[in-house]
Amino acid sequence: MEFSNLRVYQPDGTFKTGGLSISGDRIASAEVSADAVDMGGLYAVPGLVDLHFHGCMGRDFCDGTHEAISTLAKYQAQIGVAAICPATMTYPEEKLTQIAEAAATYQVESNDAALVGINMEGPYIAPDKVGAQNPAYVRSASIEEFGRLQHQAKGLIKLVDVAPEQPGNLEFIRQMSHDVRVSVAHTCTGYDDACAAFDAGARHMTHLFNAMPALHHREPGPIAAGAERNDVTAEIIADGVHIHPAMVRLAFALFGDDRMILISDSLRACGLGDGEYELGGQQFFVKGNRATIANGSLAGSVSDVMACMRTAVRTMGIPLTSAVKAATVNPARALGLDGKLGAIAPGYQADAVVLDRDLNIKHVVLRGKVIA
């Protein structure tokens, strides 16, 4: 399969007009024959990687069934996401075990985004920063519990959220950060405790600005602590609801586009319309592009990560090259998949999205097959 006259996103973060040759499920080269299909100068970007979302099309990862995972994986693939790391919620261990077992035994189908991990968002969070999580199940981090869950997941848990100021959580970070990427999240931590968490091995921040103390000139908090560390990555929800555009631009300026990761944090309402839905045992309500629980707190997003990338570029002033990096190579690297996913380069998995100048999807290539 060969395509010519594409503006192809390069591993160095630039676009270059050229071709794309695919052999089986791998990128072969940029050299193509005269018979290659002329794509008229459209953009070609790597298949996106969403490492933090909950659901779509009426299903949620925490449903804990193969049917739910299948719905998520197929929807994501159709909108240009090649790999997914869906998130759990704050639940008892038995419920988290069910979710882990469902993921570990799921068989990826041909038109599915690849299930490359589990993002364990809760229960090791701060009771005063639960957001839309259920406070009834919040607890201190447990090495033993996490070990049992990781065993049931067959090693699929790639991210675990931790509020470092809670009792025992810093020791959890110190002992477990060599085995899983630890994210500072849903936290009341100040600057010093956040620095201690990063010293202990935390390397990630969950949905920056949300469910954490704000930046302040006398109390800089965890955001400043993370920005100072060159090895800490930060997620951000660029759906136009969660974060003001100026703060999205500020985050990219603080962390640099090598460390920012665009996420959707999407709920089961994604892809559907207004109405009442369920999240982690609580009801939430969708009107337009805003989802809230009963007390008015934001419950998550109803945008997918491709829509967030488009919003970041179109209305937030993030350069296209930076937005693509934040939706592809950066999350792939955070999940330990660099060299395999997140780039259009020889030897990488043949995942690509062809976009027009307005960033609308024209074609999706998944593992070497055109699926849309």
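Starting from 1, each residue takes its place in the sequence as its number.
Considering only heavy atoms from C-beta on, L337 stays 4.5 Å or farther from R333 through its side chain. Annotation: side chain of L272 is in contact with side chain of M57 (closest heavy-atom distance under 4.5 Å). Inter-residue side-chain proximity for L159 and H204 is flagged as met; some heavy-atom pair is nearer than 4.5 Å. Residues V37 and M1 are not in side-chain contact: their nearest non-hydrogen atoms beyond the backbone lie 4.5 Å or more apart. Side-chain contact check for R7 versus M39: every heavy-atom pair is 4.5 Å or farther apart. M120 places none of its side-chain heavy atoms less than 4.5 Å from the side chain of K158. Side-chain contact check for V49 versus T328: every heavy-atom pair is 4.5 Å or farther apart. Using a 4.5 Å heavy-atom threshold, the side chains of Y106 and D112 count as touching.
Taking a 6.0 Å sphere around CD of E276, one finds it holds more than 12 heavy atoms contributed by other residues, nucleotides or ligands.
In the model, S21 has no side-chain atom that pairs as donor or acceptor with a side-chain atom of E31 under 3.5 Å. Between the side chains of T233 and R181, at least one donor-acceptor pair of N or O atoms lies under 3.5 Å. Side-chain contact of H66 with Q107: a donor-acceptor pair under 3.5 Å is absent, judged by distance alone. A donor and an acceptor atom, one from each side chain of D12 and T14, are located under 3.5 Å apart. Using modelled atom types, one finds no donor on one side chain facing an acceptor on the other under 3.5 Å when comparing H207 with D265. Remark: the E165 side chain and the T187 side chain contain an N/O donor-acceptor pair separated by less than 3.5 Å. In the model, D50 has a side-chain atom that pairs as donor or acceptor with a side-chain atom of S264 under 3.5 Å. In this structure, a donor-acceptor pair under 3.5 Å is present between the side chains of Q175 and E171.
Between R310 and D358 there is no salt bridge, since none of the side-chain N atoms of the basic residue sits less than 4.0 Å from a carboxylate O of the acidic one. In this structure, D257 pairs ionically with K325, as a charged nitrogen and a carboxylate oxygen lie closer than 4.0 Å. One finds a salt bridge joining E93 and R148 here, because a Lys/Arg side-chain nitrogen approaches an Asp/Glu carboxylate oxygen to under 4.0 Å. Residues R367 and D351 are not paired through a salt bridge, judged by the lack of any N-O separation under 4.0 Å between the basic side chain and the carboxylate.
Placement of L262 and V329 in two distinct hydrophobic clusters is found when ILVMFWY residues are connected by side-chain heavy-atom separations under 4.5 Å, directly or transitively. Under a hydrophobic-cluster definition in which Ile, Leu, Val, Met, Phe, Trp and Tyr are linked whenever side-chain heavy atoms come within less than 4.5 Å, directly or via other members, V248 and M309 are assigned to the same cluster. Put simply, L208 and M247 are part of the same group of oily side chains (I, L, V, M, F, W, Y) that touch within less than 4.5 Å, one to the next. Linking ILVMFWY residues whenever their side-chain heavy atoms come closer than 4.5 Å, directly or via other members, places V45 and L359 in the same cluster. Linking ILVMFWY residues whenever their side-chain heavy atoms come closer than 4.5 Å, directly or via other members, leaves V8 and V324 in distinct clusters.
Shown here for A372 and Q78, the closest heavy-atom pair between the two residues is CB-OE1, 3.6 Å. Closest non-hydrogen pair, V313 versus L320, comes out as CG2-CA, 3.9 Å. Nearest approach of A102 to G64, heavy atoms of both residues: CB-O, 3.4 Å. Of all heavy-atom pairs spanning A202 and V232, the tightest one is O-CG2, 4.2 Å. Closest approach of Q166 and P127 over heavy atoms only: OE1-CD, 3.6 Å. The minimum heavy-atom distance between D161 and H186, with the atom names listed, is OD2-CD2, 4.4 Å.
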Check: residues 190-199 side-chain donor-acceptor pairs under 3.5 Å, at least two apart:
from	atom 1	to	atom 2	distance (Å)
Y191	OH	E228	OE1	2.6
D199	OD1	R229	NH1	2.8
D199	OD1	R229	NH2	3.1

Sequence neighbours left out, cut at 3.5 Å: what donor-acceptor pairs do the side chains of residues 209-219 make with other protein atoms?
from	atom 1	to	atom 2	distance (Å)
H216	ND1	R218	N	3.0
H216	ND1	E219	N	3.4

request  = Go through the steps to decide whether I99 and E101 satisfy the test side chain to side chain contact (heavy atoms under 4.5 Å, CB included), and finish with yes or no.
outcome  = CA-CA 6 Å; I99 298 164; E101 289 176 340; over 6 Å; no
request  = Given ring pair (Phe, Tyr, Trp, His ring centres under 6.0 Å), test Y9 with Y43 step by step and report yes or no.
outcome  = CA-CA 8 Å; Y9 187 78; Y43 291 114; 9.8 Å; no
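Considering SG of C308 and CD1 of I263, their distance stands at 8.0 Å, rounded to 0.5 Å. Annotation: the span from Q76 atom CD to D304 atom CG amounts to 6.5 Å, rounded to 0.5 Å. Taking CE from M260 and CD1 from I318, the interatomic distance works out to 8.0 Å, rounded to the nearest 0.5 Å. Rounded to the nearest 0.5 Å, atoms CZ (F53) and CG (D60) are 9.0 Å apart. From D25, atom CG reaches atom OH of Y348 across 15.0 Å, with rounding to the nearest 0.5 Å. Residue Y124 holds its OH atom at 10.0 Å from OG of S140, rounded to the nearest 0.5 Å.
One N or O on the side chain of R268 and one on the backbone of G58 form a donor-acceptor pair closer than 3.5 Å. A donor-acceptor pair is defined here as one N or O able to donate and one able to accept, closer than 3.5 Å; no such pair exists between the side chain of S183 and the backbone of A185. Within the 3.5 Å criterion, the main-chain N or O of R59 finds no donor-acceptor partner in the side chain of E67. Using modelled atom types, one side-chain atom of S266 and one backbone atom of G55 make a donor-acceptor pair closer than 3.5 Å. In terms of modelled atom types and a separation under 3.5 Å, the side chain of T65 and the main chain of A68 share a donor-acceptor contact. In terms of modelled atom types and a separation under 3.5 Å, the side chain of R26 and the main chain of G347 share a donor-acceptor contact. The backbone N or O of C270 sits nowhere less than 3.5 Å from a side-chain atom of S303 that would complete a donor-acceptor pair. One N or O on the side chain of Q150 and one on the backbone of I157 form a donor-acceptor pair closer than 3.5 Å. Remark: the backbone N or O of L51 is paired with a side-chain donor or acceptor of N119 at under 3.5 angstrom. For the pair D274 (side chain) and G288 (backbone), a donor-acceptor distance under 3.5 Å is present.
The hydrophobic cluster around V130 extends to I125, V138, counting ILVMFWY residues whose side-chain heavy atoms fall within less than 4.5 Å of a member.
Under the 30°/60° scheme for interplanar angles, the aromatic rings of F172 and F146 are found to stand perpendicular.
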